[in-house]
Asker: 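Encoded as structure tokens, here's the structure I'll be asking about.
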Amino acid sequence: MADPAPVPPPADARRSFLTKLMAMVGGGLATLTPVAAGVWMTLDPLRRKSSAASFLPITKLESVPDDGLPRQFPVIADRNDAWTGFAAEPIGAVYLRREQGSDTIEAVSATCPHAGCFIELDKRDRCFRCPCHNSVFTLDGGIVSPSPSPRTMDSLECEVRDGRVAVKWENYYSGIAEKVARP
Ligand code: FES
């Protein structure tokens, strides 16, 4: 004699099972989302990089002649983009200046505040010039009028310790009168 055909579960039982399954999936997603966000915050190189600006070693004090004429130095640091770290590469440039007999260093960024071009030193005329739109600056970074730059060259905090010069490196927004550091 043949076995009786299996009896399908009632429609209510199927609906109840589906409701429980959806609740489990939804609950799992709700738990995983904050966990994933926490992992992202921890591992994302951009987020780790966005700490406050720090002092970066630039050169020895004796490498900055005390003749009042600025000298250009690269700013070297580890750099991170969204996913990759690049060890010790140039991220900008600074001009360092020292007056005769002084151990105090003045530092200005070589990035033009007008539109971000690289500012050059004109040794003959003893001034800075930006080749992009002809802004002219004095040796201490002041504007020579008329210049399209909306502000002076960006001064940077500088520290001399144990015969080494370090600069607090920051990038500033260009094209505006205020000196505002990029995050
Ligand atoms: S970018 Fe320097 S003057 Fe325009």
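Just so you know, ligand 1 is whichever comes first in the structure, and atom 1 is the first atom listed for that ligand.
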Asker: Going by the atom numbers of ligand 1, which of them fall below 4.0 Å from some non-hydrogen atom of Ser135?
Answerer: 3 (S)
Asker: Closer than 4.0 Å to some heavy atom of Cys117 - which atoms of ligand 1 meet that?
Answerer: 1 (S)
Asker: Val108 and Asp154: side chain to side chain contact (heavy atoms under 4.5 Å, CB included), yes or no, with the steps?
Answerer: CA-CA 5 Å; Val108 288; Asp154 294 320; over 6 Å; no
Asker: Is any side-chain heavy atom of Val64 closer than 4.5 Å to one of Thr59?
Answerer: yes
Asker: Provide the number and element of each atom of ligand 1 under 4.0 Å from a heavy atom of Cys130.
Answerer: 1 (S), 2 (Fe), 3 (S)
Asker: Taking Arg129 first and then Glu120, would you say they form a salt bridge - that is, a charged N and a carboxylate O separated by under 4.0 Å?
Answerer: no
Asker: Tell me, please, if His133 has any N/O/S atom, main chain or side chain, under 2.8 Å from atom 2 (Fe) of ligand 1?
Answerer: no
Asker: At a non-hydrogen distance cut-off of under 4.0 Å, which region of Ala115 contacts ligand 1 (side chain, backbone, both, or neither)?
Answerer: both
Asker: At less than 2.8 Å, would any N/O/S atom of Cys132, backbone or side chain, sit next to atom 2 (Fe) of ligand 1?
Answerer: no
Asker: Measure the shortest side-chain to side-chain distance between Val167 and Glu157 over non-hydrogen atoms and say whether it is less than 4.5 angstrom.
Answerer: no
Asker: As an exercise, identify every atom of ligand 1 less than 4.0 angstrom from a heavy atom of His114.
Answerer: 1 (S), 2 (Fe), 3 (S), 4 (Fe)
Asker: Measure from the ring center of Tyr95 to the ring center of Phe73 and say whether it is less than 6.0 Å.
Answerer: no
Asker: Using 4.0 Å as the upper bound for N to carboxylate O, is an ion pair formed by Asp103 and Arg98?
Answerer: yes
